[in-house]
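Because only heavy atoms are used, hydrogens play no part in the values below, and waters and symmetry mates are left out as well, while side chains stay in.
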There are 2 protein chains.
Amino acid sequence: MSRALSSSSCYVISLSVSILLNIFFLVCHLHDDIGSGTWKLQKQELLTWSQIAAAEAETVASISCSGHGRAYLDGEQIDGNHVCECHRCYQGPDCSKFLYDCVADADSGDPLVFEPFWMQNAASSALLVAGWHRMSYTYYDHTFISKELEEHLRKVHEIGGNAKADGKFILFGAGSTQLLNAAVFALSIRNTSSPAKVVASTPYYPLYKQQTEFFKNGNYEFAGDAQLFKNNSDITSNVIEFVTRPNNPDGQLNKAILHGPFVHTIHDHAYYWPHFTAIPAPSDEDIMIFTLSKLTGHAGSRFGWALVRDENVYSQMNMYLSMSEMGISRDTQLRAFQLLKTVVEGDGKDIFRFAYSNMKKRWENLTKIISLSKRFSLQEISPQYCTFFQKVRGPSPAYAWLKCEREEDTDCYAVLEEANIIGRHGNLFNADSRYVRLSLLKSQDEFDLLLYRLHELVSMEDSMKMVQQL
Amino acid sequence: MSRALSSSSCYVISLSVSILLNIFFLVCHLHDDIGSGTWKLQKQELLTWSQIAAAEAETVASISCSGHGRAYLDGEQIDGNHVCECHRCYQGPDCSKFLYDCVADADSGDPLVFEPFWMQNAASSALLVAGWHRMSYTYYDHTFISKELEEHLRKVHEIGGNAKADGKFILFGAGSTQLLNAAVFALSIRNTSSPAKVVASTPYYPLYKQQTEFFKNGNYEFAGDAQLFKNNSDITSNVIEFVTRPNNPDGQLNKAILHGPFVHTIHDHAYYWPHFTAIPAPSDEDIMIFTLSKLTGHAGSRFGWALVRDENVYSQMNMYLSMSEMGISRDTQLRAFQLLKTVVEGDGKDIFRFAYSNMKKRWENLTKIISLSKRFSLQEISPQYCTFFQKVRGPSPAYAWLKCEREEDTDCYAVLEEANIIGRHGNLFNADSRYVRLSLLKSQDEFDLLLYRLHELVSMEDSMKMVQQL
């Protein structure tokens, strides 16, 4: 396994670093006092208690994992040395050994595609947390919400041009995950005899069904595909429609299909950012839910937010979040704040440019391969004018919604599995099993392997043709 | 308002610090190569990208708030300068102005009493988070739980001697708050006609009732005081008893009072640490819930954990946490890890000694005042042998459970409010309104003001006697 300096010797060296630094500065200071220099130094420039943490972080970051793994502060240690956590399909102390028979895993929406952006912005995104940071239950204004973070989120919406945040209440949740159920909970508190029906347009994100059924109480129940209610001209009991724009899995810019006095919508805008879709106009819906995971790539931080128009709905959602856990961890809010500080630097568009160019390239490489195939097809996403890039732009979706076209390939998941490719089964999205979702969000290693396996699979079509021609 | 260096100039200086440091080391290195010195330097000791964050954190920490406030990285800034967030009752740019008519607020259990410990351990508890830290949904082992943090938690239980963690499953939650409901949810999933009855012994922590009623579904409902079920010799439907040991509000070492095949218990051990109570023996219950808030004082981090014996209950609770939010923020887990690393340093007993001596002193000062009064009384906590301190020890509870003894003082909360003291109303704990809970956990400023107001109030008794004697 890869070795760095042992933590203890690292500490010693860092301490001496700090002491030497102070001596260095005191000498300068002295010289400054004696001489005619104008360089003024104040106590706070002499770094002291932060240097052990700084040295440990840089030591861990400097461990070579060959670009196929990463060492973490809270990762495994052997003899006091941090070691590499290798990406799937890589092994060895420095993750340099590729496992040639490794399966391509395109199941999860793990947004590691953003990781290089944060390596490139190491200095501005680094965060030093003091041991006594925000120990209290509440912020200075007695809320559970960091005002500075709220301001940065509103600013990001302004830059991205994807949502009208002005005049909306804001709520923080543990990813969009928690906020989705908080919204269902809040909207279903009505004095009606029958429970509210929760629906979404097929194909839909599996969590809507799983979560609604798991937490189901007397007030709401999952009722499947929104289409079933479309021709029901007079909906007389409460219906809650999830509108996923752009849609997970197929990237289409869905709109609400149900309307009327008893219909409430929850707009899941997790992917409504310029790097995944054209932004025709800023969204101005009643409940709009976003997640850091698909803006900066920090899925592990479990941070999301909701913009809510109606004060009663906001209050009910707020109560749900307070009763669940008394607000989101101040550590998570601080981390999100530091990341967004980096995001809004300069014109605040770098992260969108970075992610767009990467997602676009991935989609182009994928379509190049699938276009050679008669066996598989991909969803069509028509070019649209994007207010962010101020031009008509093509697709750069987070997921491929792959279809098996051959009559006999009724279980597309199995077809891919046979070819060492793991996707997400179409059935989970309430769709036909001829469909599979492939994630395009993962690390470059994962995506490259996916392309390689797909290329193998598509190439087989030609060889099979040749066999038939013999 | 108090001013530090402006962030920008701070950045510039930090960068030059880093560059100068590198030159300094390179010179050493060079000299080392030429000369016969044995001091070896490797690339990772040259601190670079961490130094802006380090400098900003130290700059913010160095802002003087007169010990009556604090500046935070994510706090308000004026003209790019961080400013003090003053404690209640203090004002001014450096929080030096005391507001003499300020009300003493002993309502919340905000554990700021721990803050000085973390200032004293600034270097070892500081944490530098890289921008790319743990972006993924899962850890290396595909779970939502940091193994290193788990190991440290088990070690702390070993040192504190308060719970048998071996052979128990562990779960992480957003404070104990989330885990309490996760446990109720898990225990109530039974194929019985009637919903499980959730009970607790009066006086009980208000959240049990509030949370159970708020999230109530068909499977469980709150049923009040456990005593009501005590003489019900044959409990035939599911009962879930919250056992709070030591109890919030009165610090008593409660035990389960209901037994039988249909009874399940949830042991809330938030305060079962040597600084709040004698530890007669390590707890070995089916479900034991703890929170960082009452171990290290980091209430704002919203981190708790549960030790669970039964695998099915564990799996159900785990499902609850996954469905709610896909596990606890990796940022929060990293912070908890860093804090616990500091806690277990040396013999790992410093934090217990620190908190115990503070809580003991606070209790002694409080009892000194109340002992002069005939109008008010405090709960009795009998001395017990503590396996941690290996001696019989007196009380050091987190809360005072104050009683108004005068016949006419039926609303004790109002009596205290009249004297500019805010407590928590006895009714909230399902107790008589002659009782009020006073928090002893807050900052020294808050506690000193509480003592001052109580002293004023008790002194009035004498002056009233004198008036009667005239």
Most chain B-contacting option - heavy-atom pairs closer than 4.5 Å, from [options]:
| options | answer |
| --- | --- |
| A:R330, A:Q178, A:R335, A:K442 | A:R335 |
| A:A53, A:S176, A:A182, A:G300 | A:G300 |
| A:P111, A:G75, A:G218, A:P116 | A:G75 |
| A:G175, A:A174, A:A336 | A:A174 |
| A:H133, A:K216, A:Q211, A:M319 | A:H133 |
| A:Q333, A:R134, A:K147 | A:R134 |

Can you tell which part of [X] gets under 4.5 Å to a heavy atom of chain A, answering side chain, backbone, both or neither?
| X | value |
| --- | --- |
| B:R88 | neither |
| B:L334 | both |
| B:L73 | both |

Under 4.5 Å, heavy atom to heavy atom, which residues of residues 123-131 of chain A contact chain B?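 Against chain B, the residues of residues 123-131 of chain A that fall inside the cut-off (heavy atoms, under 4.5 Å) are A:A123, A:S125, A:A126, A:L127, A:L128, A:V129, A:A130, A:G131.
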Select one option (side chain, backbone, both, neither) describing which atoms of [X] are under 4.5 Å from chain B's heavy atoms.
| X | answer |
| --- | --- |
| A:D74 | both |
| A:D110 | both |
| A:T296 | backbone |
| A:I328 | backbone |
| A:F114 | both |
| A:L339 | side chain |
| A:Y137 | both |

Taking the side chain as every heavy atom from C-beta outward, state whether [X] and [Y] have any pair of such atoms under 4.5 Å apart.
| X | Y | value |
| --- | --- | --- |
| B:S322 | B:F144 | yes |
| B:H298 | B:W118 | yes |
| B:V343 | B:H152 | no |

Could you tell me which non-hydrogen atom of [X] sits nearest to which non-hydrogen atom of [Y], and how far apart they are?
| X | Y | value |
| --- | --- | --- |
| A:I189 | A:Q316 | CD1-OE1, 3.2 Å |
| A:I63 | A:A71 | CD1-CB, 3.7 Å |
| A:S293 | A:A299 | OG-CB, 3.5 Å |
| A:D331 | B:S301 | OD2-OG, 2.7 Å |
| B:E325 | A:R302 | O-NE, 2.7 Å |
| B:Y220 | B:F185 | CE2-CA, 4.2 Å |

I'd like to know if the side chain of B:S50 pairs up with that of A:E58 as donor and acceptor (distance under 3.5 Å, no hydrogens or angles considered).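 Result is yes, a qualifying pair exists.
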For the residue pair B:W49 and B:W132, does the interplanar ring angle fall in the parallel (under 30°), tilted (30 to 60°) or perpendicular (over 60°) class?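 Tilted, since the angle between the ring planes falls between 30° and 60°.
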Could you label the plane-to-plane angle of the B:Y320 and A:F215 rings as parallel, tilted or perpendicular, counting under 30° as parallel and over 60° as perpendicular?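 It falls in the perpendicular class, over 60°.
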For chain A, which candidate among B:G109, B:S329, B:S443, B:A122 shows the most heavy-atom pairs at distances under 4.5 Å?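 Sorted descending by pairs with chain A, the first entry is B:S329.
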Heavy-atom pairs under 4.5 Å with chain A: which of B:F337, B:F214, B:F303, B:Y139 has the most?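 Looking at each option in turn, the highest pair count goes to B:F214.
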Listed by chain and number, what are the salt bridge (charged side-chain N to carboxylate O under 4.0 Å, His left out) partners of B:E151, not counting sequence neighbours?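 So B:E151 forms no salt bridge (charged side-chain N to carboxylate O under 4.0 Å, His left out) with any residue.
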Pairwise distance CD(A:E85) to CG(B:D141) - rounded to 0.5 angstrom: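 Between A:E85 CD and B:D141 CG, I get 8.5 Å after rounding to 0.5 Å.
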SG to SG below 2.5 angstrom is the rule I want applied to B:C95 and B:C86. Does it hold?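 Correct, these two cysteines form a disulfide.
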